[in-house]
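Keep in mind that what you see is a predicted model, and the values were worked out from it rather than measured. Chain A is the first sequence line, chain B the second, and so forth, proteins listed ahead of strands; every chain is numbered from 1.
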Amino acid sequence: MLDPKYFRQEIKTTKELLARRGFVLDVETISNLEERRKDVQIKTQELQATRNSKSKGIGKAKAQGEDIQPLLAEVATLGDELKVAEDELNAIQAELDAIIMSVPNVPDETVPDGKDENDNVEIRQWGEVPTFDFEIKDHVDLGEKLGQLDFETAAKLTGSRFAIMNGSIARLHRALIQFMLDLHSQEHGYTETYVPYIVNSESLRGTGQLPKFEEDLFKLHSEHEFYLIPTAEVPVTNIVRDVIIDDDYMPRKYVCHTPCFRSEAGSYGKDTRGMIRQHQFEKVELVQVVSADKSKEAHEELTGHAEEVLKRLELPYRIVNLCAGDIGFSATKTYDLEVWVPSQKTYREISSCSNFNDFQARRLKARWRNPETGKPELVHTINGSGLAVGRTLVAIMENYQQADGSIRIPNVLQNYMGGIEEIKI
RNA sequence: GGAGAAAUGGCCGAGUUGGCUGAAGGCGCUCCCCUGCUAAGGGAGUAUGGGGUUUAUAGCUCCAUCGAGGGUUCGAAUCCCUCUUUCUCCGCCA
């Protein structure tokens, strides 16, 4: 959430900034509520102050053996009055909170204008798009020809948008996870972490998936309000929820592999073929928790860490700066890494690296103690995929395919594959 | 799953016959003083969030918070209810 002060003192500016991403801030409703909040809060606190001082007086009088009946009469109606005021304040506050919680983050000044993905700005490209002197197949055909990718049986077990992997493809998928975890934990300074795949609604509110995006989530029918995680971002970032981090433990850098579960009710019809868009997929996630002055730098660094995976896998990719209309709800700036997918003759998103500045931290009450001031300050959170494993597998299968349908193994993965150099047909 | 105990500030730990206890004491930390070093000693300070005031800090002031949420009461860390978590014992289990 945004700083409540933005809604008091700088609401006009905030409205303009949010308009860049196509969000219409209802200034009038918020200002009216805010005005009432102020009145009622002052009144409530005054009543509370009166009650507190009178009650203390009663305590003293009683201790000295005085008659407290007159004092009791004085406060007789105070309780009711206070209750009314408190209820009203709570109601206003709840209404205000509901609105504020559904307001997205404001875009950073370096975010380009635009309303959708067509307005995203390419920052750079890396690698050479491969050329083939034979008719290429997409990963679905490649996988089925190998007998190692099976969507039909998965549909029988569960439904659409699930996959079964077998044999060397399953191993390659696992190898990718190992490789990514090793790279980030051994060379990029991240702490490998293992977290629950089921979280409560508080955690989802903290990172911004709730209250607005419940339809994207799988909710469990348990006695508690539990959800399957849509990304490791949720459990990992919530590690610092309600915590004041000591300076010695800043910055925090986590790398975490989890399955991700997405209902994505809104995106049916898109990418129905193959593994691009699944209800369940694996992802290696990078999360950094840093002080405010370091977040831009950390965002660039983290994006570089994700890029390094593609470089070592020798997969051609480009990096785009998402425009204001395309960045996610909680993000102030996002770089997408897009990998070349030969069958689609285009770059497809494989990682999304976002800076959330203090937007998540404010919801999470995630702070660190600045040794210079001695005061707690909101942290900044940054995260990105490093990378989405299923899509990386797709990219390798398609970019490394050979005429007969066999698939070469990228050099850096061969050790993880028992030394084999290709998946033979 | 059954039985019992507990949850207090950065940590340890008092307080549970309701009333200057937002919270004793200790440790830690910060600043100052003293001691020629070392060790020790003396003093002061040290929770978080929010509101008002202010251009804004600082300051002043008020409110809230003793696991969470309700309730009783003029008044709750203290009493009642619900929930969560932790510990001990038993059972079960990868």
| Distance between the P atoms of B:rC93 and B:rU85, in whole angstroms? | 23 Å

| message | Does the structure show a Watson-Crick or G-U wobble partner for B:rG9, both distances under 3.5 Å? Name it, or say none. | response | none

| message | What contact category does A:P376 fall into here, base, sugar-phosphate, or nothing, at under 4.0 angstrom with non-hydrogen atoms? | response | sugar-phosphate

| task | Please lay out, stage by stage, how A:H305 and A:Y190 fare under the test side-chain contact (heavy atoms from CB on, under 4.5 Å). | result | CA-CA 10 Å; A:H305 293 153; A:Y190 291 79; 2.7 Å; yes

| Nearest-nucleotide pick for A:Q48, side chain only, options being B:rG50, B:rC63, B:rC74 | B:rC63

| Is there a Watson-Crick or G-U wobble partner for B:rU21 with both distances under 3.5 Å, and if so, which one is it? | none

| field | Gap in Å between the two P atoms, one belonging to B:rA58 and one to B:rG18, rounded | value | 41 Å

| message | Can you check the distance between B:rG91 and B:rC81, where both ends of the measurement are the C1' atom (answer in whole Å)? | response | 30 Å

| B:rG41: pairing nucleotide in any strand, Watson-Crick or G-U under 3.5 angstrom | B:rC33

| query | Side chain of A:S55: nearest nucleotide among B:rG52, B:rG19, B:rG50? | reply | B:rG19

| query | Base, sugar-phosphate, or nothing: which does A:K38 touch, judged by heavy atoms less than 4.0 Å apart? | reply | sugar-phosphate

| remark: Separation of B:rG51 atom P from A:K5 atom NZ, nearest Å, is 6 Å

| task | Taking atom P in both B:rA24 and B:rU48, compute the distance separating them and give it to the nearest angstrom. | result | 16 Å

| Atom of A:R51, atom of A:L78 and distance for their closest heavy-atom approach | CA-CD2, 3.5 Å

| said: Whole angstroms only, please: what is the CG-P distance between A:L47 and B:rC74? | reply: 16 Å

| request: Using both distances under 3.5 Å as the test, list the Watson-Crick or G-U wobble partner of B:rG69, or none. | output: B:rC81

| said: Could you tell me how far apart A:Q45 (CD) and B:rC60 (P) are, to the nearest whole angstrom? | reply: 18 Å

| said: I'd like the P distance from B:rC92 over to B:rC83, given in whole Å. | reply: 27 Å

| Considering only the P atoms, how many Å lie between B:rU8 and B:rC31, rounded to the nearest integer? | 30 Å

| A:Q288 side chain vs A:I382 backbone, donor-acceptor pair below 3.5 Å | no

| How close or far is atom P of B:rU61 from atom CD1 of A:I42, stated in whole angstroms? | 18 Å

| task | Between A:N90 and A:V75, just flag the one whose closest nucleotide in RNA chain B comes earlier from the 5' side. | result | A:N90

| Rounded to whole angstrom units, what separation is found between the CZ atom of A:R8 and the C1' atom of B:rG51? | 8 Å

| query | Who is the Watson-Crick or G-U wobble partner of B:rG4, with both distances under 3.5 Å? | reply | B:rC87

| query | Expressed as a whole number of Å, how far does the P atom of B:rU82 sit from that of B:rG28? | reply | 43 Å

| field | Heavy-atom closest pair, residues A:H139 and A:M275 | value | NE2-N, 2.8 Å

| Expressed in angstrom and rounded to an integer, what is the separation of A:L78 atom CG from B:rU73 atom P? | 14 Å

| With side chains defined as the heavy atoms from C-beta onward, is the minimum distance between A:L210 and A:L217 less than 4.5 Å? | yes

| said: Would the distance check show the side chain of A:N200 and the main-chain N or O of A:S203 forming a donor-acceptor pair, the cut-off being under 3.5 Å? | reply: yes

| request: Would you mind reading off the distance between A:D242 atom CG and B:rA68 atom P, rounded to a whole angstrom? | output: 11 Å

| Nearest listed nucleotide, side chain of A:Q41, among B:rG51, B:rC62, B:rC20 | B:rG51

| query | Is there a donor and acceptor pair, one atom on the side chain of A:K62 and one on the base of B:rG19, closer than 3.5 Å? | reply | yes

| task | Classify the angle between the aromatic ring planes of A:F359 and A:F329 as parallel (below 30°), tilted (30 to 60°) or perpendicular (above 60°). | result | perpendicular

| field | Phosphate OP1/OP2 of B:rC63 contacted by A:N52 side-chain N/O (<4.0 Å) | value | yes

| field | Who pairs with B:rA76 - Watson-Crick or G-U, where each distance is under 3.5 Å | value | none

| B:rU46 - base-pair partner by Watson-Crick or wobble geometry, distances under 3.5 Å | B:rG28

| note | Re B:rC60: Watson-Crick or G-U wobble partner, both distances kept under 3.5 Å, found to be B:rG52

| request: Using whole Å, report how far CD of A:E86 lies from C1' of B:rG70. | output: 13 Å

| request: Map A:K54 and A:T50 onto RNA chain B by nearest heavy atom, then report which one ends up closer to the 5' terminus. | output: A:T50

| task | Search all heavy atoms of A:E398 against all heavy atoms of A:S343 and return the closest pair with its distance. | result | OE1-OG, 2.8 Å

| message | Would you measure the distance from the P atom in B:rC79 across to the matching atom in B:rU17 and give it in whole Å? | response | 7 Å

| message | With a 4.0 Å limit, can you tell me whether A:R369 has a side-chain N or O closer than that to the phosphate oxygens OP1/OP2 of B:rC29? | response | no

| query | Reckon A:R51 has a side-chain N or O less than 4.0 Å from the OP1 or OP2 of B:rA64? | reply | yes

| field | Any A:R367 side-chain N or O less than 4.0 Å from OP1/OP2 of B:rG49 | value | yes

